[in-house]
J.: 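Can you keep this structure in mind? I'll have questions shortly.
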Amino acid sequence: MSFSKMKRLGVGIGAGLGAFAVSVAPAFAADPPPPDFNSGDTAWMLTSAALVLMMTIPGLALFYGGMVRKKNVLATLAQSFGATAIITILWMVIGYSIAFTANPDANVNQFIGGFSYAFLAPMGVNAAYGTAPHQIPESVFMFFQMTFAIITPALIAGALADRMKFSAFLWFMSLWLLLVYAPIAHWVWGGGWLFTAGALDYAGGSVVHLNAGTAALVTCLVLGKRIGYGTENMAPHNLVLSVIGASLLWVGWFGFNAGSAVAANANAGMAAAATQIATAAAALAWMFAEWIIARKPSVLGMISGAVAGLVAITPASGFVDPMGALIIGLSAGVVCYIAAVWMKKLFGYDDSLDAWGVHGVGGALGAIMTGMFASSAINSAGHGWLMDGNFGQMWIQVQDVGGVFIYCAVGTFIILKVIDMIVGLRVSAEVEVEGLDINLHGETVHG
Amino acid sequence: MSFSKMKRLGVGIGAGLGAFAVSVAPAFAADPPPPDFNSGDTAWMLTSAALVLMMTIPGLALFYGGMVRKKNVLATLAQSFGATAIITILWMVIGYSIAFTANPDANVNQFIGGFSYAFLAPMGVNAAYGTAPHQIPESVFMFFQMTFAIITPALIAGALADRMKFSAFLWFMSLWLLLVYAPIAHWVWGGGWLFTAGALDYAGGSVVHLNAGTAALVTCLVLGKRIGYGTENMAPHNLVLSVIGASLLWVGWFGFNAGSAVAANANAGMAAAATQIATAAAALAWMFAEWIIARKPSVLGMISGAVAGLVAITPASGFVDPMGALIIGLSAGVVCYIAAVWMKKLFGYDDSLDAWGVHGVGGALGAIMTGMFASSAINSAGHGWLMDGNFGQMWIQVQDVGGVFIYCAVGTFIILKVIDMIVGLRVSAEVEVEGLDINLHGETVHG
Amino acid sequence: MSFSKMKRLGVGIGAGLGAFAVSVAPAFAADPPPPDFNSGDTAWMLTSAALVLMMTIPGLALFYGGMVRKKNVLATLAQSFGATAIITILWMVIGYSIAFTANPDANVNQFIGGFSYAFLAPMGVNAAYGTAPHQIPESVFMFFQMTFAIITPALIAGALADRMKFSAFLWFMSLWLLLVYAPIAHWVWGGGWLFTAGALDYAGGSVVHLNAGTAALVTCLVLGKRIGYGTENMAPHNLVLSVIGASLLWVGWFGFNAGSAVAANANAGMAAAATQIATAAAALAWMFAEWIIARKPSVLGMISGAVAGLVAITPASGFVDPMGALIIGLSAGVVCYIAAVWMKKLFGYDDSLDAWGVHGVGGALGAIMTGMFASSAINSAGHGWLMDGNFGQMWIQVQDVGGVFIYCAVGTFIILKVIDMIVGLRVSAEVEVEGLDINLHGETVHG
Amino acid sequence: MKLITAIIKPFKLDEVRESLSALGVQGMTVTEVKGYGRQKGHTEIYRGAEYAVSFLPKLKIEVAVKSEMADAVIEAITSKAKTGQIGDGKIFVTPLEQVVRIRTGETDGDAL
Amino acid sequence: MKLITAIIKPFKLDEVRESLSALGVQGMTVTEVKGYGRQKGHTEIYRGAEYAVSFLPKLKIEVAVKSEMADAVIEAITSKAKTGQIGDGKIFVTPLEQVVRIRTGETDGDAL
Amino acid sequence: MKLITAIIKPFKLDEVRESLSALGVQGMTVTEVKGYGRQKGHTEIYRGAEYAVSFLPKLKIEVAVKSEMADAVIEAITSKAKTGQIGDGKIFVTPLEQVVRIRTGETDGDAL
Ligand SMILES: Nc1ncnc2c1ncn2[C@@H]1O[C@H](COP(=O)(O)OP(=O)(O)O)[C@@H](O)[C@H]1O
Ligand SMILES: Nc1ncnc2c1ncn2[C@@H]1O[C@H](COP(=O)(O)OP(=O)(O)O)[C@@H](O)[C@H]1O
Ligand SMILES: Nc1ncnc2c1ncn2[C@@H]1O[C@H](COP(=O)(O)OP(=O)(O)O)[C@@H](O)[C@H]1O
């Protein structure tokens, strides 16, 4: 999220807490005149939230659902849909509070927010986020952030496809949201230590993608490979679904990146342009890389490249100019192709749908390149190395990447081990061979 | 629709009629300066209209299309698509006029609007809806309402799946729109008797969902069961389509509920938050209920629960706080599960895709619970029982539910009987057994 | 695009060039205060751009993908997706500059824009488009126009389905964008000769649809028929995909037409209303025409009619009133039905998915009817024949249609011949018979 | 032993299966097929292009039985799959020299 | 009687069907199958994972005919289904002891 | 010659194919079928409506071989397709009177 957004944050929270009075008062008195919300910014943020929700359902659900074998397609859709439902509730219960409110203890606040926003109780209808003339209702900001909190854990599903219990999956999503995502979101966007350090992460390169990708890597290592991995034919059963999914991810991503301006302004516009350019560049880069190396440009390659570009530009959008976006996109296409195709083979882990290869690697790459290409001409909040000669930013970005990677890896590992002990992570071999749809959900596709 | 919206309505129509002069004048004179429309509110309402249209095509079309047998999938899509087309035209011809303009005779106006807006002739480009500084072009409001008018009759298709003639279906959609939907919309939103009584229906719990659900119940009773119901395997042929549909319904519903604020403001924001929370809660409630009772959490159950939550929060969104939304959602998930799974078995009607079980029951439940949880702290226009001690609202909501149910049931029954006499409602047994796609539309899915 | 938009254009470009200083300066100085952008207009234009992108991916991709045989579905999706990627980059590199910036030489500017905007270098974050109080960031306008530049060439794919090399296709998209689309866009929207002549083309009836349709006609004539055309069964393999695609085209088209107001204002509202009415009317017209002539209302007919209506209203939306929209829609449905079903048979060309029959014929029809029904009561910038007695407009529209048709036909022919010489246009007979998916992309649908 | 192959109308499967189970037939194998015969098909029309669909969806049931059971099985299938309409299908009887149950290696009678 | 089973290339179906009708064969049953043989398949690659597709789509045509017609039918199929390319397919002839038309109960010759 | 028809569990196909190739069998034809037998199926539940799925996905492999090879082929299939679990499937052997290779017109042994 942009620094401008961070600046607003204090105010946002302030307004939030202030709103406590507001939202309690009415029972006794009449509403005070509501703050003068910016209807244009509010319109865009409502739209953005809807777009980001669309990224997960049906976007991500289809992107992943098309890549698995037919016997597991419904179970894969159930993961995205189930994650959406349970995370929504937990975000309302306490997640938003942990991530986006200030902890009374300033030191603790470096790592985790407060708990006063449990059940959003203090959030009155007139609670505001931002500073006039760009205030929006806090309800909108909370909802917008909720959609980020939904897709981040849902992305991890790409690494555990075809073999995790649905009960374990729901436990995993829940614990990971509260113990890994919410704190890290607080570090970078909620006033925590990386926020203080000045890390640049416009829309979530590290908070969302590196974070989810790292968790994905750990998850596939803990779970082990799918039965028959490397010997059986595990070709995607229907790439039409994956193309629909990737397309909706692309379209929805404008809510993700341009929406992170938390306003319908010039930053949002430039973020949108950068996103489009980087995504297209990455799709072409992956496509041509594959065309040269594997002799054919696959549809899966084109859409994978597009997603890689979307991931890599996420932290940079809003800080870089079109040229920077082009370079970041081209790099992401090639690097993620190598990660998904070679690195995976080399180390032999079964990151089934390449959640680490695309989101982890692409997120880290984007975070670092943001430090390189951030231009104060585009956003006064971001002084990068190449454009502004601020090499120091590179080091901050490295801390950002390192901090997120380490905390996430450790946290994810512990969470998985605990769940494994209590409910067990993996389905039985029979279930895995016969398919998750019929065994876990009692349904199959007859189409 | 919110009371604030109702208040504006008089003005809206006023402006509309005033606009008559405006739109006639130009042929002779230059345009007067247009009213100062609020670009942010206009942007959000244009977006909302597009989102609500997306709910029907492709949202509802896929939600239903995936649940029928493969031989009827195209016919099911044709119902949503055909309804969209014919209702659009009829709404322009006279529907909008009946629902949203004032009838010159104040008594008649309690039940039905005027006819002066036939073909939207009086609606000039500068006709305004609402009061400054929140005016939007009436063309946008008319279009937004059109998308509501489209989805409401289209919902009924869930009860008549697999067995109705396409010609009869188009007649049904047309007559029902003009004789049932338009008048009821006038009652509640257009200045009619329920509007006067102060019924709370933010976005259409009774006008849209209870109304469509009631018509669905009557329709499946009049039509009778599908051949082979209870004996043949009628499993949904492709739930992937239904998951896409449910997801787009969820995403589009923000245009439905938050759009019903007719502005990008705090009400819209709170309505969006409430919608998201209630939907997720209902999805989880249905899922866990089924998990416990039927031993497996089905994907169809999860998406059915989500839709049930969307339905139940529709009248309440904009009036309730997050906590109220949570409770409404949880209730909707459980109650609609019981309605769709047990009540249907108990009474043995063939509400094929549970249009009554989800929309009728969920809509009624939501309307009543709106009376319970409406909080003046959230919307000064809604004083509920539990939050504001206004028990009287409960009685008004009961009138709302009862009035809509009775009028709709009777009207639907008469319309169906008339159509049956003239063109016949149901396809022949051969056609039904062999499938509607090839017989009614001359096409089949070869995929 | 509306005249109002054209008026703004000069300014837009001015601002753009002015922005040159702006975007160069920052390296040396601090940003000047950004212009006061209209957040509501910006919100709507960001939304519109996302909607128009959604028209191509996944909209158009699915509309076409469902109509081909199963062995070619992925290759068809790859065409839309690949076109999106490569055009995005070329638009950033030089396309936008050619279409929307002023050429220093006023005479040359009648035909082609300037080159100073290469790589968007001059486009600073604060570059503005439009005049206060309706300014939006130029980045948003550039992105919005980019999405138009993407879908126009992509539409041509309907005529070359099932038989073109992917490499040739990418060459074709690239050259056609720069040599045909960008200049024509400049003629009508960028200050060129048709702009000067006062041609009315609100959202691209001639620039987009007639243009793409003409190219499609030439392409299918140059390519020749598919092997087995007329003898083998080439039934659409899965119309469910086509219905999803058509629905998303319909929904996204509000960004296309209402977005062409470049503001969230009364013009946008009326354009949206006209679009909805004309689309529905055309869907019904085609459906009933087919019902009468071929005895059955096909789903493909309904969605084809809807697209025909969207095409025909594109140049007229924003200039016509609801009644005019109704007439244009009804005409489009019937005329395009005749074009796609009879004219094609008569002349025997293999416009595989009727890109010419629907977009070419519909676009030309719409352009002419815009001259007939444009009403100054709706938009002071458009005086039509029937409403304002301005018969002269008809002649201008004819020039518009003729100029685009001739230039496009010649240009497309030359481009194709050159590509044929260098890389070859058509796949081998074996590849065509066995399918493009496996041969060009090394993938198949296993679903 | 005999291999009895029946081509039937799809919606008749369950009835047929039940009647065979009643006869003590413990298994069968079903294949979705397309049938061409006296029963005439449909015409599909897409934007004016007409395609005659002369092949209709049918199910092929294969049952291996002891020779002495053949007639009973044929009788059962005929009675259950019959609608009296053109297109009801056919039954083919072919000699079966050997049967093996993969799981146990049992052969012939024991394998059924 | 004989049951003639032919494995052919999918796009040859219509030609074969017409030539059989011409011979007076009133019906046939077609099944989508996958064939493995001398004709080599393709390789699919998904993010570096290669899968050899050694089974190719074919159609299986089953025709029951009177013994005396067998040769003519085999001849017709061979001539129409032939492309000369590897993968044209095979024809198998098996004895058919009995045929029943479900609709009428007619048997053998009358049932065809 | 013999036509050997085996019903096996789908995921066993590759193993079986390899063992047959090893025996010098040059081709085979595979069909997706649904099997009913001792192995019990599943129940699907949709909003309370329960459907018993008694037919399970299987693969049917058809191999035409010279009579003398039959036993080796049967042996190979049995050993490779066996899991020991109910539902492993069956092998049926039927007489094959004639084989023709469409491409060349070769017959019988030469056609295999
Ligand atoms: N000679 C044949 N060989 C193989 N299958 C046949 C033959 N004749 C008919 N069939 C199969 O039987 C089905 C029904 O045959 P048809 O002639 O349509 O009706 P009926 O059996 O009632 O006369 C056909 O669809 C086809 O699958
Ligand atoms: N021994 C066999 N048993 C059963 N089917 C076979 C056999 N050999 C070949 N086939 C079928 O015939 C098809 C064509 O065989 P192939 O060897 O590829 O070409 P050709 O018949 O021209 O030599 C194969 O795809 C397979 O379906
Ligand atoms: N009598 C039969 N005729 C034809 N196919 C059979 C017969 N019995 C079994 N099958 C096929 O064999 C498969 C396995 O049979 P089943 O009885 O389930 O297990 P097993 O062979 O291990 O006893 C069945 O699914 C069915 O496809």
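Here is the naming used below: chain letters follow the sequence lines, and residue numbers restart at 1 for every chain. Side-chain atoms are counted along with the backbone in the values below, which use heavy atoms only and exclude waters and symmetry mates.
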J.: Mind checking the CG-NZ spacing from E:L13 to D:K34? Nearest 0.5 Å is all I need.
T.: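 It comes to 11.0 Å.
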J.: Tell me, out of E:L112, E:L3, E:D14, who's got the most heavy-atom pairs with chain D below 4.5 Å.
T.: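 Most heavy-atom pairs under 4.5 Å with chain D: E:L112.
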J.: Within residues 38-72 of chain E, which positions have a heavy-atom distance to chain D below 4.5 Å?
T.: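 Within residues 38-72 of chain E, near chain D: E:K60, E:E62, E:A64.
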J.: To the nearest 0.5 Å, what is the distance between CD (E:E97) and CZ (D:F92)?
T.: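 These two atoms lie 14.0 Å from each other.
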J.: Just to verify, which of D:T31, D:I7, D:T5 counts as forming a side-chain contact (heavy atoms from CB on, under 4.5 Å) with E:T29?
T.: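 Per the side-chain contact (heavy atoms from CB on, under 4.5 Å) rule, the option paired with E:T29 is D:I7, out of D:T31, D:I7, D:T5.
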J.: Heavy-atom cut-off 4.5 Å, strictly under: side chain, backbone, both or neither for D:I4 against chain E?
T.: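 Neither the backbone nor the side chain of D:I4 comes within 4.5 Å of chain E.
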J.: For E:A111, is there any backbone N or O sitting under 3.5 Å from a side-chain donor or acceptor partner on D:K90?
T.: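 Yes: the side chain of D:K90 pairs with the backbone of E:A111.
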J.: Select one option (side chain, backbone, both, neither) describing which atoms of E:T107 are under 4.5 Å from chain D's heavy atoms.
T.: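 Interface part for E:T107: neither.
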J.: Is atom NZ of E:K80 surrounded by more than 12 heavy atoms (other residues, nucleotides or ligands) closer than 6.0 Å?
T.: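 Count not over threshold, so no.
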J.: Under 4.5 Å, counting heavy-atom pairs only, tell me which of D:S79, D:A6, D:P95 racks up the most with chain E.
T.: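 Answer, by heavy-atom pair count under 4.5 Å with chain E: D:P95.
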J.: Tell me, out of D:I86, D:D88, D:T78, D:V93, who's got the most heavy-atom pairs with chain E below 4.5 Å.
T.: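 With the most close heavy-atom pairs to chain E, the winner is D:V93.
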J.: Heavy atoms, side chains only, cut-off 4.5 Å: are D:K2 and E:Q98 in contact?
T.: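 No, their side chains stay 4.5 Å or more apart.
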J.: Among D:T83, D:T94, D:I8, D:I77, which residue forms the greatest number of heavy-atom pairs with chain E at distances under 4.5 Å?
T.: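 Highest number of pairs under 4.5 Å: D:T94.
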J.: Contact part of D:E32 toward chain E, heavy-atom cut-off under 4.5 Å: side chain, backbone, both or neither?
T.: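 When you check distances to chain E, only backbone atoms of D:E32 fall under 4.5 Å.
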